[in-house]
Amino acid sequence: MQSAAIKIEHLSFHYGERCALDDVSWDVNDGELFALLGPNGSGKTTLFRLLSTLIPVQHLPSSPSSSIRVFGTSVESDLSSVRHQMGVVFQSPSVDGKLTVFENLRLQASLYGLTGKMAGDRIVEVSQQLGISERQHDIVDKLSGGLRRRLELAKSLLHRPRLLIMDEPTTGLDPAARIDLWNVLRQLQQDSGMTIFMTTHLLEEAERADRVAILNAGQLVALDQPDVLRQQLGGDVVSIKCADPESLSKLLAAEFNVQPRLVDGQLRLEQDADAAIAEASSNVALVQRIMEQFGDQIQSITVGRPSLEDVFISKTGHQFFQSGELVPTGE
């Protein structure tokens, strides 16, 4: 049995009358790369602030046993020990753009109490790990977004933490820089056995994690390996966009003996839930039959393997994204 790097138990948090986290519990295993996925307002940022010790754990009447433990140590009972074992990368930049790469690292080393040769050795080590050795004398404002993010990571690793936590680490990066950062994180995990915990609202990022927890409106709605979560939905998902989904839903039910789900204005047919779909010779044949009967009413129809967004829809009844924006849920 794997030991827990992070243990969250019955964690709730309120901002006045508003509930940001509602009795959530799970473990993050030692050595894994774990993603906390959720739309804006889901509670990700609140949980990150609690884990990074920026705000204290609340003990509410509804959840008096709320707790967070890092490698067995409570964030409440031994704050110094928890912080010593943790490296933190915040969503907002923490580097000084007017200083050089080396000056930023040297300043951070002094904050960790690293001086002299020890500080110099650690700066060399993390710079080599993150591929910024040749940029030591560059002014940070002149670096690309990807290199600045590497510098953020380097700062967080100077004291050799066992746990690295990151809040939306790829915010503002282009796709190539995101892939590059993920490669760096995987290499860190493999080389040192470090536990990496990150929050994200990007579905494609969560797909890369060893395990993922999905939050919605402060509640944990799914937790497992991405492949396992997708497999739980079974077969392919057919999505239909049309002008009058309620009328088309009734027609599909009568003609094909299925029960489409109406999600944010679109009809969805999930293969494992509908025997009639499973009996179709193929999904292509199913789509053809629908188009033959009701093509004049359909704007678009797609079929594909389940994704993490499909998992989210199955658990919550609404889309992760809506009209190109994150679905607001109140955080």
Please assess Leu47 against Leu11 for the test side-chain contact (heavy atoms from CB on, under 4.5 Å), listing each intermediate value before the final yes or no. CA-CA 9 Å; Leu47 194 143; Leu11 189 63; 4.3 Å; yes
Determine, stepwise, if the pair Leu308 / Glu204 fulfils side-chain contact (heavy atoms from CB on, under 4.5 Å). CA-CA 8 Å; Leu308 283 182; Glu204 66 272 20; over 6 Å; no
Can you check side-chain contact (heavy atoms from CB on, under 4.5 Å) on Arg148 and Val140, steps first, answer last? CA-CA 7 Å; Arg148 285 197 297 270; Val140 170; 3.8 Å; yes
Walk me through it: do Leu164 and Leu185 pass the test side-chain contact (heavy atoms from CB on, under 4.5 Å)? CA-CA 10 Å; Leu164 175 65; Leu185 294 176; 4.2 Å; yes
What's the verdict on side chain to side chain donor-acceptor pair (under 3.5 Å) for Thr100 and Gln136, showing C-alpha distance, side-chain angles and the deciding distance? CA-CA 7 Å; Thr100 66; Gln136 294 294 298; over 6 Å; no
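Judged as a salt bridge (Lys or Arg N to Asp or Glu O under 4.0 Å), and not counting sequence neighbours, the contacts of Arg150 are Asp180. With sequence neighbours excluded, the residues that form a side-chain contact (heavy atoms from CB on, under 4.5 Å) with Leu54 are Arg49, Ser52, Phe90. Residues forming a salt bridge (Lys or Arg N to Asp or Glu O under 4.0 Å) with Asp210 (at least two apart in sequence, or on another chain): Arg186. Qualifying ring pair (Phe, Tyr, Trp, His ring centres under 6.0 Å) partners for Phe294, counting only residues two or more places apart in sequence or in other chains: none. Considering only residues two or more places apart in sequence or on other chains, Glu168 meets the salt bridge (Lys or Arg N to Asp or Glu O under 4.0 Å) condition with Lys44. With sequence neighbours excluded, no residue forms a salt bridge (Lys or Arg N to Asp or Glu O under 4.0 Å) with Arg208.
A donor atom on one side chain and an acceptor atom on the other are found under 3.5 Å apart for Thr200 and Glu205. Using modelled atom types and a 3.5 Å distance limit, the side chains of Thr53 and Arg83 yield a donor-acceptor pair. With 3.5 Å as the limit, one finds no donor-acceptor pair spanning the side chains of Gln58 and Ser12. No side-chain N or O of Ser66 forms a donor-acceptor pair with one of Glu9 less than 3.5 Å apart. Donor-acceptor pairing under 3.5 Å is recorded for the side chains of Thr195 and Asp30.
Atom NE2 of His84 is surrounded by 12 or fewer heavy atoms from other residues, nucleotides or ligands within 6.0 Å. Within 6.0 Å of CD in Glu246 there are 12 or fewer heavy atoms belonging to other residues, nucleotides or ligands. The number of heavy atoms from other shown groups lying within 6.0 Å of CE (Met118) does not exceed 12. The 12-atom threshold is not exceeded at CD of Glu134, counting heavy atoms of other residues, nucleotides or ligands nearer than 6.0 Å.
Residues Arg211 and Gln225 form a side-chain contact, since some pair of their non-hydrogen atoms from C-beta on lies under 4.5 Å apart. In this structure the side chain of Ile196 reaches within 4.5 angstrom of the side chain of Met166, judged on heavy atoms. Using a 4.5 Å heavy-atom cutoff, the side chains of Pro245 and Gln266 are not in contact. Contact of the Val75 side chain with the Val57 side chain is registered, since non-hydrogen atoms from C-beta on lie closer than 4.5 Å. Within the 4.5 Å cutoff, the side chain of Phe13 has heavy atoms near those of the Leu50 side chain. Inter-residue side-chain proximity for Leu252 and Leu267 is flagged as met; some heavy-atom pair is nearer than 4.5 Å. Between Leu181 and Leu173, some side-chain heavy-atom pair lies under the 4.5 Å cut-off. Counting heavy atoms from C-beta on, the side chains of Phe197 and Asp167 never come closer than 4.5 Å.
Under the 30°/60° scheme for interplanar angles, the aromatic rings of His318 and Phe312 are found to stand perpendicular.
At least one donor-acceptor pair closer than 3.5 Å links the side chain of Ser25 to the backbone N or O of His10. A donor-acceptor contact shorter than 3.5 Å links the side chain of Ser192 to the backbone of Leu188. Judged by distance alone, the side chain of Ser42 and the main-chain N or O of Pro39 form a donor-acceptor pair under 3.5 Å.
Residue pairs that meet the salt bridge (charged side-chain N to carboxylate O under 4.0 Å, His left out) test with at least one member in residues 112-124, sequence neighbours left out, are Lys117-Asp121, Arg122-Glu125. Pairs passing the ring-ring contact (aromatic ring centres under 6.0 Å, His included) check and including a residue from residues 109-158, sequence neighbours excluded, read Tyr112-His159. Listed by first and then second residue, the salt bridge (charged side-chain N to carboxylate O under 4.0 Å, His left out) pairs that reach into residues 251-261 are Arg261-Glu270, sequence neighbours excluded. Sorted by first and then second residue, the salt bridge (charged side-chain N to carboxylate O under 4.0 Å, His left out) pairs involving residues 98-115 (not counting sequence neighbours) are Lys98-Asp141. Applying the salt bridge (charged side-chain N to carboxylate O under 4.0 Å, His left out) test to residues at least two apart or on different chains, none of the pairs has a partner in residues 59-81.
The nearest pair of heavy atoms linking Ala209 to Leu33 is CB-O, 3.6 Å. Shortest non-hydrogen contact noted between Ile290 and Phe256 is CG1-CE1, 3.9 Å. Closest of all the heavy-atom pairs between Ser300 and Ile298 is O-CG2, 3.4 Å. Here the closest heavy-atom approach between residue Ala206 and residue Pro226 is recorded as O-CG, 3.6 Å.
To the nearest 0.5 Å, atoms CD1 (Ile165) and CG (Leu36) are separated by 11.0 Å. Summarising the geometry, atom CG belonging to Leu223 is positioned 12.0 Å from atom CG belonging to Leu37; distances are rounded to the nearest 0.5 Å.
With side-chain heavy atoms closer than 4.5 Å counting as contact, directly or through intermediates, the hydrophobic cluster containing Ile313 also holds Val263.
For the side-chain contact (heavy atoms from CB on, under 4.5 Å) with Val287, the lone residue among Leu269, Ile301, Thr302, Ile240 that qualifies is Ile301.
Relative to the six-membered ring of Phe71, Arg162 meets both conditions, a distance below 6.0 Å and an angle of at most 45° to the axis.
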